[in-house]
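What follows is a set of notes on a single structure, which appears directly below.
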Number of protein chains: 2
Amino acid sequence: MARRSHPSSRGRTISDVAELAGVSLSTVSRVMNGSTTVDAALAERVREAALSLNYTASPLARSLVLGKTQTVAVVVPDLANPVFQGMLRGLSSAAARQNYHVLVADSFENLEEERVLAVEARRRCDGIVLCAPRMPDEELTALLPELAPVVLINRDPSPAKASTVSADYHSGMQQLLEHLYGLGHRRIAYLPGSAAAQSNRKRLSAISEFADGHPDVMVTELQGGVGFEDGHAAADAVAASDDTAVLAFNDLVAMGLLSALSERGVRVPEDVSITGFDDIPFARYTTPPLTTASVPIEELGRQAWERLWALLNGQAPAYNLSFGPLVITRGSSGPAPAAA
Amino acid sequence: MARRSHPSSRGRTISDVAELAGVSLSTVSRVMNGSTTVDAALAERVREAALSLNYTASPLARSLVLGKTQTVAVVVPDLANPVFQGMLRGLSSAAARQNYHVLVADSFENLEEERVLAVEARRRCDGIVLCAPRMPDEELTALLPELAPVVLINRDPSPAKASTVSADYHSGMQQLLEHLYGLGHRRIAYLPGSAAAQSNRKRLSAISEFADGHPDVMVTELQGGVGFEDGHAAADAVAASDDTAVLAFNDLVAMGLLSALSERGVRVPEDVSITGFDDIPFARYTTPPLTTASVPIEELGRQAWERLWALLNGQAPAYNLSFGPLVITRGSSGPAPAAA
DNA sequence: ACCGTGAGAGAAAGCGCTTTCTGATGGCAG
DNA sequence: CTGCCATCAGAAAGCGCTTTCTCTCACGGT
């Protein structure tokens, strides 16, 4: 009873339409897919029948036979992070324009989970975007063939030759350092992200490079993190140090620090300058507004889609893309205080 | 050549496994699905074969025959909004625990898009969550049967009898008003959201109700909005008015206002008190930290999943759920200034 | 020795489509 | 009038599975 008796339009199959229109399944299929080899009158009758039954082909069945799902997966390490949200947004809006759907999976920074999630998600769709994957190089490389077509965001393709889109954290950090240096800062603290993350290593290499070229600068690494709380927790260490500027791993950390500093009566930027990284939408609305290295994160998402789209169409992987961040100078950075 | 010659594990079908193990498809299927009516030795052989081919059943084919996709869709009006992100996060993590996948669609506040998106997404999965749908009541009601099983977030089921989960904006606003009243504020401004949104109407009704009960209070409606910029833009009007407190539609608006006020040298809360709504993660890190009505948004997402899960298992729709927000008093609200 | 029984494996149907293959029809050249 | 080709519709195969149905075989009871 279930199927036939259901009054709704759901569960309608192509045979229902064929029957109503008095033609064969093949003909209905041909009409629905715009084949030209169907008599105009017949086609019209089929269309009417389909309309009256509110019929649309089952995407599932189509996917099975066509071998494509019109869906791509995105795996992010943390959906709560504005950076990944922005990426997801750019990606999903771009994909939607091509009538593709997006399956999203949050690995919660869990390495184990990440691999399983990726493989499982990938099987349900045509391609996958891995956003800042946490897994080690060898593991990733081994996984890549199984995931293809795949696009990597914010991750060096290193040994693997995967299509990647990323922000140039090295350049961003370098610019930030130059910005602070230009303001007279010589003692600078860095609040690092998670050691394993590639984006952290890039920042560190920029720092050591800069330090090498500027013997008069001293960069100290404090206890850092990736979220508000971590920045908040770093306030005491920052206040205790004689650093005149702090490079936070990202805007979130910077905001946490800003907030904690303000509680302690430490003035920004008079007493200490703070910089973030990413330029999340909130950055310009902190007090004072945050100086940060701006990463066009939605654009990264869009580009990731473009690449995946190319891959899906059998095109060779395009050159890897890297966005050089732009330092946005706002109120949180200023001249180094005269007396250290 | 394509299939056979591919060295990877992809494209392996159940017949490959059957062949390798020297059994029939049926047997492989039974083993993979844990049927007990298979001889232990055979089962072992099948498992080995599957392992050696790195075989897992095609989710697509399974979905087609099983009639379920292990996937649910979520439609949100704006992926950039922290509120919907939080919801999505709670929902996706809960769904993941049940091994369900999440298809996400952003309607970009576009009414037209919303319906199409919902219908299309729904066809690819087993159920759908509509988050604060913008569409008018009649349209929604008409759509509901086609979408079922469906859960609504932050939307009155009104005429339709759909399972819903929501925050009690009326109560939240009421508490906020009482909070400000208790601090001595008598002239209060409200920065409304979009007029069509149910959550805005709820706030308004709380306001007019409160005003009725407190003739000594005067609540003025200014030009509002839903994002930073809107709050930022409202600063002049706020500064020009003689209101001593501002109820922003949400935390985003409050933050924009906070930032603009600070630029103008208006002190918060000494000159004017500001309250937000939602308690997004950023709210506690503004300067000053934002007093707001806290909505357990991730929990809303989780609950939405629970409901959908129940529906998927054929259980009757549970009672509708409403979370009463909690006013979190932080630094942005204080006693009304003595001189108006 | 015979039949009923039940366990366990394979054959086959079917999920809802697309597409190739096959067949019928009609027009037109020879 | 015959034969050939083009045109278009239907039959059927097949996408990769699950599950029902069917069959075989060994076992035990009488």
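Naming convention: chains lettered A, B, ... in sequence-line order (proteins, then strands); numbering from 1 in each chain.
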Enumerate donor-acceptor pairs with a distance under 3.5 Å from any side-chain N or O in residues 57-65 of chain B to protein atoms, sequence neighbours excluded.
| unit_1 | atom_1 | unit_2 | atom_2 | d |
| --- | --- | --- | --- | --- |
| S58(B) | OG | L60(B) | N | 3.2 |
| S58(B) | OG | A61(B) | N | 3.0 |
| R62(B) | NH2 | N33(B) | OD1 | 2.8 |
| S63(B) | OG | P59(B) | O | 2.7 |
| S63(B) | OG | K68(B) | O | 3.4 |

field: For atom CZ of R12(B) and atom P of dG16(D), their distance in whole Å
entry: 12 Å
message: Without decimals, in angstroms, what is the distance between I14(B) CD1 and dG10(C) P?
response: 12 Å
- prompt: Starting at NZ of K68(B) and ending at P of dC17(D), how long is that distance when rounded to a whole Å?
  reply: 17 Å
Test: R155(B) and D137(B) ion pair at under 4.0 Å: yes
List every contact pair, protein side and nucleotides 5-10 of chain D side both N or O, where the distance is under 3.5 Å.
| unit_1 | atom_1 | unit_2 | atom_2 | d |
| --- | --- | --- | --- | --- |
| dA9(D) | OP1 | D39(A) | N | 3.1 |
| dA9(D) | OP2 | T37(A) | O | 3.1 |
| dA9(D) | OP2 | D39(A) | N | 3.3 |
| dG10(D) | OP2 | S24(A) | N | 3.0 |
| dG10(D) | OP2 | S24(A) | OG | 3.1 |
| dG10(D) | OP2 | T27(A) | OG1 | 2.7 |
| dG10(D) | N7 | R30(A) | NH2 | 2.8 |
| dG10(D) | O6 | R30(A) | NH1 | 3.3 |

Protein-nucleotide distance (E19(A), atom CD; dG16(C), atom P), rounded to Å: 14 Å
task: Decide, yes or no, whether a salt bridge links E298(B) with R89(B) under the criterion of side-chain N to carboxylate O below 4.0 Å.
output: yes
- prompt: How close or far is atom C1' of dT19(D) from atom CZ of R62(B), stated in whole angstroms?
  reply: 12 Å
- prompt: How is L66(B) classified with respect to the nucleic acid when contacts are heavy atoms under 4.0 Å: base, sugar-phosphate, or nothing?
  reply: sugar-phosphate
task: Using the test side chain to side chain contact (heavy atoms under 4.5 Å, CB included), find all partners of E48(B) that sit at least two apart in sequence or belong to another chain.
output: E44(B)
- line: E44(B) CD to dA9(C) P, in whole Å, measures 14 Å
- prompt: Taking OP1 and OP2 of dT18(C), is either one under 4.0 Å from a side-chain nitrogen or oxygen of S29(A)?
  reply: yes
query: Heavy atoms, side chains only, cut-off 4.5 Å: are F108(A) and P77(A) in contact?
result: no
- prompt: Nearest-Å distance, CG (L60(A)) to C1' (dT18(C))?
  reply: 15 Å
query: Does R122(B) come within less than 4.0 Å of E146(B), counting only side-chain N to carboxylate O?
result: no
- prompt: Given atom CG of L64(A) and atom P of dT18(D), what is their separation to the nearest angstrom?
  reply: 12 Å
